[in-house]
Amino acid sequence: WSSALDYLLDWQEKDGEEVPYRANEVRGDYRIEWTEKAKARGFKYVDRENARPTGSMTTAGLAGLMICQSELWGSRRFDGPMRQKTRDSIRDGLAWMQRNFSVDENPAAPGMNWTHFYYLYGLERTGIIGRIRFIGEHDWYKEGAEHLLRAQEAHGPWWGSNTVHTCFAILFLKRGSFRTD
């Protein structure tokens, strides 16, 4: 888990635009919001030279960071400085998502329509694993579900009856992820 965490931390953009990140916590009817300074730092495809961060890779990176954090929480290796570095990385990744949020397409991935449904599933994983209801002002699940229901074809599937896209759409709607702790 430590090696995976180190890899993910190294994979994220090293710097980003300073932005106010709107954080929130929602438990039942209770909701609290606050603003933190953050640097909008996303994740990109690692095997593509000159690649820019995308929504699909940022959600994948965030979900991975959250899983590593959960698995390492009680470990001596996950000391105070590493916890802070991980927390900052997650906050900055969420700030990137807040800045680039969309359910209509994979953010920052023009022309990569085939990654849209994978991105939505990554958004679901990030939201559920991180117990995040809002990304900035966006209720990610409500907006994503409404988008998918509008985009669904009359006979059931999504995007030209593509099985893979249909599976990712169903996983988003089902909220297929869960926390292990």
Side-chain angles (χ1 to χ4, degrees), residues 4-5 7-13 16-17 19 21-24 26 38-70 86 89-153 156-179:
L5 179 60
Y7 180 81
L8 289 168
L9 291 169
D10 190 51
W11 180 25
Q12 189 173 25
E13 286 183 296
E17 180 182 352
V19 297
Y21 169 62
R22 289 184 58 172
N24 65 81
V26 178
K39 290 190 174 194
R41 301 184 300 131
F43 290 78
K44 61 184 179 181
Y45 286 90
V46 294
D47 61 344
R48 298 202 175 140
E49 195 172 318
N50 300 320
R52 294 181 9 195
T54 65
S56 55
M57 289 297 95
T58 299
T59 57
L62 284 166
L65 287 169
M66 292 171 186
I67 291 167
C68 288
Q69 177 179 254
S70 177
T86 303
S89 181
I90 291 169
R91 180 206 56 223
D92 290 355
L94 289 169
W96 188 95
M97 286 299 303
Q98 173 185 288
R99 183 152 184 76
N100 297 280
F101 185 84
S102 176
V103 294
D104 299 326
E105 63 184 359
N106 182 359
M112 295 175 62
N113 295 339
W114 51 273
T115 64
H116 179 213
F117 291 90
Y118 172 66
Y119 156 68
L120 288 174
Y121 179 55
L123 180 61
E124 180 273 340
R125 292 191 52 79
T126 299
I128 296 299
I129 293 169
R131 296 182 179 171
I132 299 164
R133 167 109 185 254
F134 295 91
I135 296 180
E137 295 181 0
H138 298 279
D139 183 334
W140 64 265
Y141 183 78
K142 181 178 184 290
E143 291 181 35
E146 288 171 350
H147 169 76
L148 285 172
L149 293 176
R150 282 191 309 271
Q152 188 175 19
E153 296 176 14
W158 280 265
W159 205 40
S161 300
N162 183 298
T163 303
V164 172
H165 298 302
T166 297
C167 289
F168 281 134
I170 290 169
L171 285 170
F172 178 95
L173 293 169
K174 171 98 174 78
R175 295 186 190 191
S177 301
F178 61 93
R179 287 187 64 93

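Any value given below was found using the heavy atoms of this structure, including those in side chains, with hydrogens, waters and symmetry copies removed.
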Between [atom1] on residue [X] and [atom2] on residue [Y], distance to nearest 0.5 Å:
X	Y	atom1	atom2	answer
Glu143	Glu137	CD	CD	10.0 Å
Leu5	Ile67	CG	CD1	12.0 Å
Arg52	Glu13	CZ	CD	9.5 Å
Arg99	Arg41	CZ	CZ	15.0 Å
Tyr119	Met97	OH	CE	3.5 Å
Thr58	Leu123	OG1	CG	11.0 Å

Side-chain heavy-atom pair [X], [Y] within 4.5 angstrom cut-off:
X	Y	result
Leu120	His116	yes
Glu17	Trp96	no
Met66	Ile132	yes
Phe43	Gln12	yes

Query raised in the report: Is it the case that more than 12 heavy atoms not belonging to Tyr118 sit under 6.0 Å from its OH atom?
Result: no
**Report entry** With Tyr21 via ring pair (Phe, Tyr, Trp, His ring centres under 6.0 Å) - residues at least two apart
**Finding:** none
Which pair of non-hydrogen atoms, one from [X] and one from [Y], has the smallest distance, and what is that distance?
X	Y	answer
Thr115	Tyr45	CG2-OH, 3.7 Å
Trp140	Arg133	CD1-O, 3.1 Å
Ile129	Ala63	CD1-CB, 4.3 Å
Thr166	Pro157	OG1-CB, 3.3 Å
Leu94	Thr126	CD2-CG2, 4.2 Å
Ala108	Pro53	CB-O, 3.2 Å

Report summary line: Sequence neighbours excluded, the answer for side-chain contact (heavy atoms from CB on, under 4.5 Å) partners of Leu8 is Trp11, Leu65, Cys68
Requested in this report: Just jot down the side-chain contact (heavy atoms from CB on, under 4.5 Å) partners of Ser102, sequence neighbours excluded, or say none.
Outcome: Asp104, Glu105, Pro107
Query - Side-chain H-bond candidate by donor/acceptor type, Thr86 with Gln69, under 3.5 Å - result: no
**Report entry** Identified ring pair (Phe, Tyr, Trp, His ring centres under 6.0 Å) counterpart of Tyr121 within the set Trp158, Phe168, Phe172
**Finding:** Phe168
Query raised in the report: Under 3.5 Å, side chain of Asn106 to main-chain N/O of Ser56, donor-acceptor pair present?
Result: yes
